[in-house]
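Order of the sequence lines fixes the chain letters, A, B, ..., with proteins taken first and strands second; residue numbering starts at 1 for each chain. Worth saying up front: this structure is predicted, and the values here are computed from it rather than measured.
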2 protein chains.
Amino acid sequence: MRKGEETRAKILDAAEISVLAKGFGGTSIDELIAETGITKSGFFYHFRDKNELAKALLERYVENDERIYDEIFSRARELADDPLQAFLLGLKLLSELLSDLPNGHPGCLVAVICSHERSFDRDIQEINRQAALMWRRRFGAMFRDIMRVYRPREPLDVDQLADMVSTVIEGGIILSKALKEPKNLPAQLLVFRTFVRLLFQPAAT
Amino acid sequence: MRKGEETRAKILDAAEISVLAKGFGGTSIDELIAETGITKSGFFYHFRDKNELAKALLERYVENDERIYDEIFSRARELADDPLQAFLLGLKLLSELLSDLPNGHPGCLVAVICSHERSFDRDIQEINRQAALMWRRRFGAMFRDIMRVYRPREPLDVDQLADMVSTVIEGGIILSKALKEPKNLPAQLLVFRTFVRLLFQPAAT
DNA sequence: CGGAAACTGTACCAACGGTAGGGAAACGGC
DNA sequence: GCCGTTTCCCTACCGTTGGTACAGTTTCCG
């Protein structure tokens, strides 16, 4: 059972790289088995079909994504007592992390699935939906914490504000890729950070 | 030459719908010729290969996109003298337009191309880049106009601010699709609108 | 009426997703 | 050390798809 998971992981690794670069249709099973050093039968032993591969890929991706957010924002929470400062710091840490990726963000699987909508079954689309909802809950909780201390200058729906974090990240990934400017994504995050600061901090200067 | 363009347009229409729903890999030529009522030879008479189809599709999409932005923001400009008010109105008009789409935004081809990056040649990626740069120029010009009248409360790079419009739209499209909440995109646009208002308007009650 | 444009028809090819089934190492538990 | 399960490999096959080649035909327009 140990060896099997190892091979499975190797397939998923190769698949993730290829899917993020070429989309699902552009990723061939032959290519994956060549990369992994496995046979076709071996591949279909692990995954019934391409749809199952996609599902496993997305599940792993989302878990990893959550882990990264957990780390960054719990770290930020440790460093700053104030919820607003913690959130702003978290955004900065995230921006820096994204800035350090030499080739820019490799792409978001959730977005890839969205742009292939009708190619996948409901299972996968539901995982995707749950991922977006988890983002909403995560950032929504942070904004609620902030609002217990600060009063927004403009009344904004918390969920919509929370969604804005995901929106900026997903949109930033796309724009970075379209423009071929990897630094665009971290920059956009910092612009959003400025907006959030502006929204909650009382007038200064 | 008239009839040819008509057929070409029919192919592109069918292709656009399919590509936005299933991605490029998920769109088969057989499917397109069935929809169009044409033969395979007929298809390849119009497009050398799938890559050329993608190119024509993207070019048409970007042109149409530009036209819509032209209409909305020139209309907004007519209705409001002030550049800030014109921009805010434009965002609202755009949000309403997106809100009126019964099934939500069908998806952005620029984003689809980005998530298929390595599947296309440099031509297409360059068109994509130019499209994003045109957005930057368009909204950048608006923000420059605004800044001639208003002083932003926080110093922000104009290009990054301009990119934020595209970021929110692209990200909003993805989130709307992932969440299966078509109203999310127009809502996100309005959140961004609030941020812009907050950024430029002097403190009020 | 003629020539170009806009196709159709047929035949073919390689790559790909997927299926079927028979085997064979490798590992773990007893 | 034996046994069964897991984890694969091998071979052969199928339908679909993107794409090629090319000859023939219809349609349009000047």
Side-chain angles (χ1 to χ4, degrees), chain A residues 1-58 60 112-113 115-121 123-124, chain B residues 1-58 60 112-113 115-121 123-124:
Chain A
M1 212 188 256
R2 193 66 126 305
K3 181 91 181 301
E5 277 171 20
E6 207 175 288
T7 308
R8 215 180 124 96
K10 274 211 291 187
I11 298 173
L12 288 175
D13 287 342
E16 186 166 320
I17 292 170
S18 180
V19 167
L20 289 179
K22 299 183 291 186
F24 255 94
T27 299
S28 76
I29 295 176
D30 283 357
E31 172 197 342
L32 296 180
I33 66 180
E35 194 99 7
T36 320
I38 209 179
T39 61
K40 214 168 184 180
S41 319
F43 175 88
F44 283 106
Y45 169 78
H46 287 287
F47 306 99
R48 206 184 305 120
D49 50 31
K50 232 186 172 186
N51 195 79
E52 255 214 2
L53 173 69
K55 195 174 159 187
L57 210 54
L58 182 59
R60 200 182 70 151
V112 173
I113 302 279
S115 71
H116 283 69
E117 241 182 340
R118 302 256 161 251
S119 305
F120 299 106
D121 61 17
D123 261 22
I124 290 189
Chain B
M1 211 188 259
R2 193 67 126 302
K3 181 92 179 302
E5 278 169 21
E6 206 176 290
T7 307
R8 214 180 125 96
K10 274 212 289 187
I11 297 173
L12 288 175
D13 287 341
E16 186 166 322
I17 292 170
S18 180
V19 167
L20 289 179
K22 299 183 291 185
F24 256 93
T27 299
S28 77
I29 294 176
D30 284 356
E31 172 197 343
L32 296 181
I33 66 181
E35 193 101 5
T36 321
I38 209 179
T39 60
K40 213 169 185 180
S41 319
F43 175 88
F44 284 106
Y45 170 76
H46 286 287
F47 305 99
R48 205 182 307 120
D49 51 31
K50 232 185 173 188
N51 195 80
E52 255 215 0
L53 173 70
K55 196 174 158 186
L57 211 54
L58 182 59
R60 199 181 71 151
V112 173
I113 301 279
S115 70
H116 284 69
E117 240 183 341
R118 303 256 161 251
S119 305
F120 300 107
D121 61 17
D123 261 22
I124 291 190

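- Residues meeting the side chain to side chain contact (heavy atoms under 4.5 Å, CB included) test with B:K50, sequence neighbours left out: B:I29.
- For residues 7-43 of chain B, the set of pairs meeting the ring pair (Phe, Tyr, Trp, His ring centres under 6.0 Å) definition, not counting sequence neighbours, comprises B:F24-B:F120, B:F43-B:F47.
- Rounded to whole angstrom, the span from the NE2 atom of B:H46 across to the C1' atom of C:dT8 amounts to 12 Å.
- Regarding B:I38, its CD1 atom lies at a distance of 13 Å from the C1' atom of C:dA5, rounded to whole Å.
- Regarding B:F43, its CZ atom lies at a distance of 8 Å from the P atom of D:dG19, rounded to whole Å.
- Proximity of A:Y45 to the phosphate of D:dC8: no side-chain N or O atom is located under 4.0 Å from OP1 or OP2.
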Pairs: protein N or O with nucleotides 11-17 of chain D N or O, under 3.5 Å:
unit_1 : atom_1 : unit_2 : atom_2 : d
D:dT17 : OP2    : B:D30  : OD2    : 3.4

Side-chain donor-acceptor distances from residues 8-15 of chain B under 3.5 Å, at least two apart:
unit_1 : atom_1 : unit_2 : atom_2 : d
B:D13  : OD1    : B:R60  : NH1    : 2.9
B:D13  : OD1    : B:R60  : NH2    : 3.0

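- Atom CZ of B:F44 and atom P of D:dA23 are 19 Å apart (whole Å).
- For the pair B:E52/B:D49, a side-chain contact is recorded, criterion being any heavy-atom separation below 4.5 Å from C-beta on.
- B:T7 has a side-chain polar atom (N or O) that falls below the 4.0 Å cut-off from OP1 or OP2 of C:dC7.
- Note: CD (A:E52) to P (C:dG17) measures 16 Å, nearest angstrom.
- In this structure the side chain of A:I124 reaches within 4.5 angstrom of the side chain of A:L58, judged on heavy atoms.
- In terms of the salt bridge (Lys or Arg N to Asp or Glu O under 4.0 Å) criterion, A:E35 has no residue partners (sequence neighbours excluded).
- Of the residues in residues 10-21 of chain B, not one places a heavy atom less than 4.0 Å from an atom of DNA chain D.
- Spacing between atom CZ of A:F47 and atom P of D:dT6 amounts to 17 Å, rounded to whole angstrom units.
- In this structure, the side-chain hydrogen bond (donor to acceptor under 3.5 Å, both in side chains) partners of B:D121, at least two apart in sequence or on a different chain, are B:N51.
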Open item on the list: Working note: A:L32 + A:L53, criterion side chain to side chain contact (heavy atoms under 4.5 Å, CB included); need CA distance, chi angles, decisive distance, verdict.
Closed with: CA-CA 11 Å; A:L32 296 180; A:L53 173 69; 3.8 Å; yes
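- Summarising the geometry of B:E16 relative to B:L57, their closest heavy-atom pair is N-CD1, 3.9 Å, with the distance given to 0.1 Å.
- The distance between atom CZ of A:R8 and atom P of D:dC8, rounded to the nearest whole Å, is 11 Å.
- Annotation: the terminal axes of the helix from C:dC1-D:dG30 to C:dC30-D:dG1 meet at 30°, where each axis is the rotation carrying the C1' atoms of four end pairs onto the next four (5 pairs per end, rounded to 10°).
- The separation between B:D49 atom CG and D:dA21 atom P is 12 Å, rounded to whole Å.
- For A:K22, the side-chain hydrogen bond (donor to acceptor under 3.5 Å, both in side chains) test picks out A:E31, with sequence neighbours left out.
- Legend: residues meeting side-chain hydrogen bond (donor to acceptor under 3.5 Å, both in side chains) with A:D123, ordered by chain and number and at least two apart, are A:K55.
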